[in-house]
Participant: 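Quick one: the structure is below, questions incoming.
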Amino acid sequence: MIDDRIRWNLKYKEGRKSSLHRTLLEFYHLAKGKKALDIACGTGENAIFLAKKGFDVIAFDVSDIAIKIARKKAKYEKVKVKFKVCDALKFSFGEESYDLILNFFFLERKIFLKIIKALKKEGILIFETYNEEHTNIKPNFNQKYLLKKGELLKAFYNLEILYYCEVRNITTLIARKP
Ligand SMILES: C[S@@+](CC[C@H](N)C(=O)[O-])C[C@H]1O[C@@H](n2cnc3c(N)ncnc32)[C@H](O)[C@@H]1O
């Protein structure tokens, strides 16, 4: 959405950076193949990490500024990542396309089914974002971007859950497509 782009571009102009997530370091090795997708990739740290590990990565974000920074970083690091400026609701996820899908700190419930379809058989989903406890830390945080208790377990019930936890304000799910 155009609003998301304006809002996030402002943050990236102010110097915001995304970060490499420990959950990725812990679980990426579960993927059996090397085709990966990073949804709402921000400035690309996680996608670049995967590319360095030999993955063929597509990574998209609605913010053209974030993607510009990500492309620059990938060039500097001498790795290839297919970075795209795209809204999650418009991205063509395809079917049985990815061995690994990352969804870090982004919540768009309308793409849940597309994520499931886009995983290859035995493909791994790594999903981590804030839950409702987050309002204890940031009272003004928009509730629609916060997971409810057990929400990911329900949404991805038809995947094999390999790991799930809700610790304080963060929920993590690692799942495999049967
Ligand atoms: C909290 S950041 C997370 C970035 C990165 N995944 C990470 O964990 O470091 C949320 C990201 O979602 C992107 N975003 C917001 N709305 C989006 C949309 N509708 N489609 C695609 N990306 C979107 C923002 O530009 C921002 O980069």
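Throughout, numbering of the chain's residues begins at 1 and tracks the sequence. Keep in mind that this is a model prediction, so the values were computed, not measured. Just so you know, ligand 1 is whichever comes first in the structure, and atom 1 is the first atom listed for that ligand.
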Participant: Measure the spacing between CD1 of Ile111 and CD1 of Ile116 and express it to the nearest 0.5 Å.
Facilitator: 11.0 Å
Participant: Is it true that Lys34 and Asp56 have a side-chain N and a carboxylate O under 4.0 angstrom from each other?
Facilitator: no
Participant: So that I can tick it off, tell me whether Arg168 and Glu133 are bridged by a salt bridge, with the cut-off set at under 4.0 angstrom between side-chain N and carboxylate O.
Facilitator: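 No salt bridge links Glu133 with Arg168.
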Participant: List ligand 1 atoms under 4.0 Å from Arg16, heavy atoms only on the residue side.
Facilitator: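 Close to Arg16: 1 (C).
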Participant: Please identify which atoms of ligand 1 are closer than 4.0 Å to at least one heavy atom of Cys86.
Facilitator: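 Every atom of ligand 1 under 4.0 Å from some heavy atom of Cys86: 20 (N), 21 (C).
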Participant: Any luck finding a side-chain donor-acceptor pair between Glu45 and Ser18 under 3.5 Å?
Facilitator: yes
Participant: Please say whether Ala88 places an N or O atom under 3.5 Å from an N or O atom belonging to ligand 1.
Facilitator: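 Yes, since at least one N or O of Ala88 sits under 3.5 Å from an N or O of ligand 1.
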Participant: Does the residue Lys17 have a heavy-atom contact with ligand 1, meaning some pair of atoms that are separated by less than 4.0 Å?
Facilitator: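 For ligand 1, residue contact (heavy atoms, under 4.0 Å) with Lys17 is absent.
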Participant: With a 4.0 Å heavy-atom cut-off (strictly under), which part of Val62 contacts ligand 1: side chain, backbone, both or neither?
Facilitator: both
Participant: Under 4.0 Å from a heavy atom of Asp4: give me the atoms of ligand 1 that qualify, with their elements.
Facilitator: 16 (N), 19 (N)
Participant: Using a plain distance cutoff, I'd like to know if Cys41 has any nitrogen or oxygen under 3.5 Å from a nitrogen or oxygen of ligand 1.
Facilitator: no
Participant: Is the ring pair His134/Tyr130 parallel, tilted or perpendicular, if the boundaries are 30 and 60 degrees?
Facilitator: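 Parallel.
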Participant: Pull out every atom of ligand 1 sitting under 4.0 Å from any heavy atom of Tyr12, numbered as shown with elements.
Facilitator: 25 (O), 26 (C), 27 (O)
Participant: If I take atom OG from residue Ser97 and atom CG from residue Leu119, how far apart are they, to the nearest 0.5 angstrom?
Facilitator: 9.5 Å
Participant: Give yes or no for whether the N/O distance cutoff of 3.5 Å, strictly under, is met between Asp38 and ligand 1.
Facilitator: no
Participant: Would you say the ring centers of Phe156 and Phe112 fall short of 6.0 Å from each other?
Facilitator: yes
Participant: Looking only at distance, does Asn46 have an N or O less than 3.5 Å from an N or O of ligand 1?
Facilitator: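 For ligand 1, there is no N or O atom that lies under 3.5 Å from one belonging to Asn46.
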Participant: Is the ring pair Phe93/Phe60 parallel, tilted or perpendicular, if the boundaries are 30 and 60 degrees?
Facilitator: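 Taking Phe60 first and then Phe93, their aromatic rings stand perpendicular (interplane angle over 60°).
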Participant: What part of Lys90 sits under 4.0 Å from ligand 1 if we count only heavy atoms: the side chain, the backbone, both or neither?
Facilitator: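 Neither; nothing of Lys90 gets under 4.0 Å from ligand 1.
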Participant: For atom 13 (C) of ligand 1, which candidate among Ile111, Asn9, Leu20, Asp61 provides the closest heavy atom?
Facilitator: Asp61
Participant: With a 4.0 Å cut-off on heavy atoms, is Phe91 touching ligand 1?
Facilitator: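 The answer is no, since Phe91 has no heavy atom less than 4.0 Å from ligand 1.
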Participant: After noting the C-alpha distance and the side-chain angles of Arg109 and Glu151, does the key distance pass the side chain to side chain contact (heavy atoms under 4.5 Å, CB included) rule?
Facilitator: CA-CA 10 Å; Arg109 294 170 174 88; Glu151 184 175 349; 2.5 Å; yes
Participant: Is the closest basic N to carboxylate O distance between Glu96 and Lys177 below 4.0 Å?
Facilitator: yes
Participant: Which atom pair, heavy atoms only, marks the closest approach of Ser63 to Asp61?
Facilitator: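 What the structure gives for the nearest pair is N-OD1, 2.8 Å.
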Participant: Any atoms of ligand 1 less than 4.0 Å from a non-hydrogen atom of Ser19? List them with their elements.
Facilitator: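 Those of ligand 1 that fall under 4.0 Å from Ser19 are 9 (O).
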Participant: I want to know if ligand 1 touches His21 in the polar sense, i.e. an N/O pair below 3.5 angstrom.
Facilitator: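 Yes; the residue has a nitrogen or oxygen that sits under 3.5 Å from a nitrogen or oxygen of the ligand.
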Participant: Would you mind telling me if ligand 1 is within reach of the side chain of Phe105, the backbone, both or neither, using heavy atoms under 4.0 Å?
Facilitator: both
Participant: Does ligand 1 have an atom that lies less than 4.0 angstrom from a heavy atom of Ala66?
Facilitator: no
Participant: If I apply the N/O under 3.5 Å rule, does Trp8 come out as touching ligand 1?
Facilitator: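 Trp8 vs ligand 1: no N/O contact under 3.5 Å.
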Participant: Between Glu122 and Arg176, does at least one N-O distance fall below 4.0 Å, as a salt bridge requires?
Facilitator: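 No.
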Participant: Within the structure, does Phe106 bring an N/O atom to less than 3.5 angstrom of an N/O atom in ligand 1?
Facilitator: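 The answer is no, given that Phe106 and ligand 1 share no N or O pair closer than 3.5 Å.
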